[in-house]
Amino acid sequence: MERRVLKIGQISDTHIGENASPVQDIDVRKNFLTAYNSETMKGLDLLVISGDLADNATPGAYEFVAQVLKDCKVPVCVIPGNHDDLEVMEKYFDLKGKVHNGKCYYRYDIDGRSIFFLDSADGTVSSEQLTWLEQETAKVDGEVLLFLHHPPCHCDHKFMDLRYAMKNIDEVQATLLKIKNLKHIFVGHYHSEMLEHFGDKTVYVTPSTQMQIDPNISVFCLSSAAPGWRVIEWGENFLETKVYFSKTP
């Protein structure tokens, strides 16, 4: 029997502040809610929040996100980004069994399929995580998906590649290239919509709900304060994905 198509929503880089005050003159809470409540996010099977939930790892930020998500009708998978503090996150999100030696990485099975989550919050993916990923994906029959915060490749983003790229890209790519049942990798961090490839892997860079950064300039330049998010449809023999942006507030 053919498996049903899974609909997965991805929200990234919300950069929520401690309170309702604007962050860099942007109403980031409103932007997050715009994405979360979008008609395009109706009927999900899974919601992924892929890092940088908070702007400064403050409790009020996580409390706000957790309060919104408590009414979510579908499972939510969360991973930290470089602006997050995992110890603070653990107080507001159920990460039981998902944190190992100070890193948040895990496998999530849904409808007979497996999705993997890695922790790149310190700018690297640890060797321990890479070994685990290689071993765990080998146990899965069929295709798997991977989510992490940092792109495991350079993305021709002049600002982010220069300053905030993953630090051990070569090591991470070497492991990922060995995993034959992994073709699709979803990330955030770059505050842009981008599509990259290395080997047989496709990397989908999901924009931020906070703001977008101009990839064509090597200094920081805001290209938009409109939130963006991604919807993924994953079927037996296909994957389709689309990014949505709201109109500029």
Side-chain angles (χ1 to χ4, degrees), residues 6-20 28-29 31-38 41-122 125-126 128-130 132-133 135-137 139-140 144-150 185-189 206 208-210 229-232 234:
L6 293 177
K7 184 178 180 182
I8 304 167
Q10 184 190 3
I11 290 175
S12 201
D13 298 270
T14 52
H15 286 267
I16 303 297
E18 170 65 10
N19 53 44
V28 291
R29 295 188 175 206
N31 277 8
F32 168 57
L33 292 171
T34 295
Y36 179 73
N37 293 318
S38 165
M41 297 285 258
K42 304 298 185 209
L44 295 181
D45 296 291
L46 177 69
L47 174 63
V48 176
I49 314 284
S50 55
D52 283 1
L53 285 72
D55 192 53
N56 262 321
T58 51
Y62 299 120
E63 185 177 17
F64 172 78
V65 176
Q67 192 69 19
V68 172
L69 296 179
K70 77 176 174 51
D71 296 325
C72 190
K73 301 289 193 290
V74 300
V76 181
C77 288
V78 177
I79 49 174
N82 50 296
H83 281 255
D84 291 314
D85 184 317
L86 186 56
E87 287 187 10
V88 183
M89 279 180 67
E90 285 185 274
K91 296 173 183 173
Y92 295 92
F93 300 95
D94 181 11
L95 300 177
K96 189 176 179 182
K98 298 177 178 179
V99 178
H100 319 271
N101 295 325
K103 304 287 184 188
C104 179
Y105 61 95
Y106 54 99
R107 167 181 167 176
Y108 184 79
D109 291 336
I110 179 170
D111 197 41
R113 279 169 278 185
S114 297
I115 304 173
F116 290 84
F117 297 86
L118 295 179
D119 185 336
S120 66
D122 68 356
V125 177
S126 61
E128 180 183 306
Q129 292 184 72
L130 294 173
W132 170 84
L133 182 70
Q135 291 172 345
E136 285 297 310
T137 51
K139 299 173 185 175
V140 178
V144 302
L145 300 185
L146 173 63
F147 286 85
L148 69 162
H149 185 64
H150 289 66
I185 300 167
F186 296 89
V187 303
H189 185 51
T206 296
S208 163
T209 60
Q210 180 203 19
W229 60 93
R230 181 181 296 279
V231 175
I232 303 153
W234 185 27

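Note: hydrogens, waters and symmetry copies are ignored here, and every other heavy atom, side chains too, is used. Here the structure is a predicted model, which is why all the values come from computation and not from measurement. Nothing fancy with the numbering, it's 1 onward along the sequence.
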Return the minimal non-hydrogen interatomic distance between [X] and [Y], and the atom names on each side.
| X | Y | answer |
| --- | --- | --- |
| Ser12 | Gly188 | OG-CA, 3.5 Å |
| Val144 | Phe116 | CG1-CE1, 3.7 Å |
| Met89 | Val78 | CE-CG1, 3.4 Å |
| Ile79 | Leu53 | O-CD1, 3.6 Å |
| Leu46 | Cys77 | CD1-SG, 3.8 Å |

Query - Test log, rule side-chain contact (heavy atoms from CB on, under 4.5 Å), inputs Leu47 and Tyr36 - result: CA-CA 9 Å; Leu47 174 63; Tyr36 179 73; 3.8 Å; yes
Query raised in the report: Which residue, His149, Arg230, Gln10, forms the side chain to side chain donor-acceptor pair (under 3.5 Å) with Ser50?
Result: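 In the set His149, Arg230, Gln10, the residue that makes a side chain to side chain donor-acceptor pair (under 3.5 Å) with Ser50 is Gln10.
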Between [atom1] of [X] and [atom2] of [Y], what distance do you get to the nearest 0.5 Å?
| X | Y | atom1 | atom2 | result |
| --- | --- | --- | --- | --- |
| Ile11 | Ser208 | CD1 | OG | 10.5 Å |
| Leu145 | Thr137 | CG | OG1 | 12.5 Å |
| Thr209 | Phe32 | OG1 | CZ | 7.0 Å |
| Trp234 | Leu6 | CH2 | CG | 6.5 Å |
| Lys42 | Lys73 | NZ | NZ | 9.5 Å |
| Leu86 | Cys104 | CG | SG | 5.5 Å |

Could you tell me whether the side chain of [Y] reaches within less than 4.5 Å of the side chain of [X], counting heavy atoms only?
| X | Y | value |
| --- | --- | --- |
| Asp13 | Gln210 | no |
| Phe93 | Val76 | no |
| Val140 | Arg107 | yes |
| Val48 | Ile232 | no |
| Asp84 | Asp52 | yes |
| Ile185 | Leu148 | yes |
| Pro75 | Tyr108 | yes |
| His100 | Glu128 | yes |

**Report entry** Carboxylate-amine/guanidinium contact Arg113 Asp111, below 4.0 Å
**Finding:** yes
**Report entry** Val231 and Lys7: CA distance, side-chain angles, deciding distance, side-chain contact (heavy atoms from CB on, under 4.5 Å) verdict
**Finding:** CA-CA 7 Å; Val231 175; Lys7 184 178 180 182; 3.6 Å; yes
Does [X] use its side chain to pair, donor to acceptor, with the backbone of [Y] at less than 3.5 Å?
| X | Y | result |
| --- | --- | --- |
| Asp119 | Ala121 | yes |
| Asp55 | Gly17 | no |
| Asp94 | Lys96 | yes |

Query raised in the report: In terms of the angle between their ring planes, are Phe186 and Phe147 parallel, tilted or perpendicular, with boundaries placed at 30° and 60°?
Result: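 Phe186 and Phe147: parallel rings.
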Requested in this report: Run the numbers on Tyr92 and Leu69 for side-chain contact (heavy atoms from CB on, under 4.5 Å), then give the verdict.
Outcome: CA-CA 11 Å; Tyr92 295 92; Leu69 296 179; over 6 Å; no
Report task. Give the C-alpha distance, both sets of side-chain angles, the deciding distance and a yes or no for side-chain contact (heavy atoms from CB on, under 4.5 Å) between Leu133 and Val125. Result -> CA-CA 11 Å; Leu133 182 70; Val125 177; over 6 Å; no
**Report entry** Whether over 12 other heavy atoms sit under 6.0 Å from Lys91 NZ
**Finding:** no
Query - Side-chain donor-acceptor pair present, Asp85, Tyr62, cut-off under 3.5 Å - result: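 Absent: no donor and acceptor within the cut-off.
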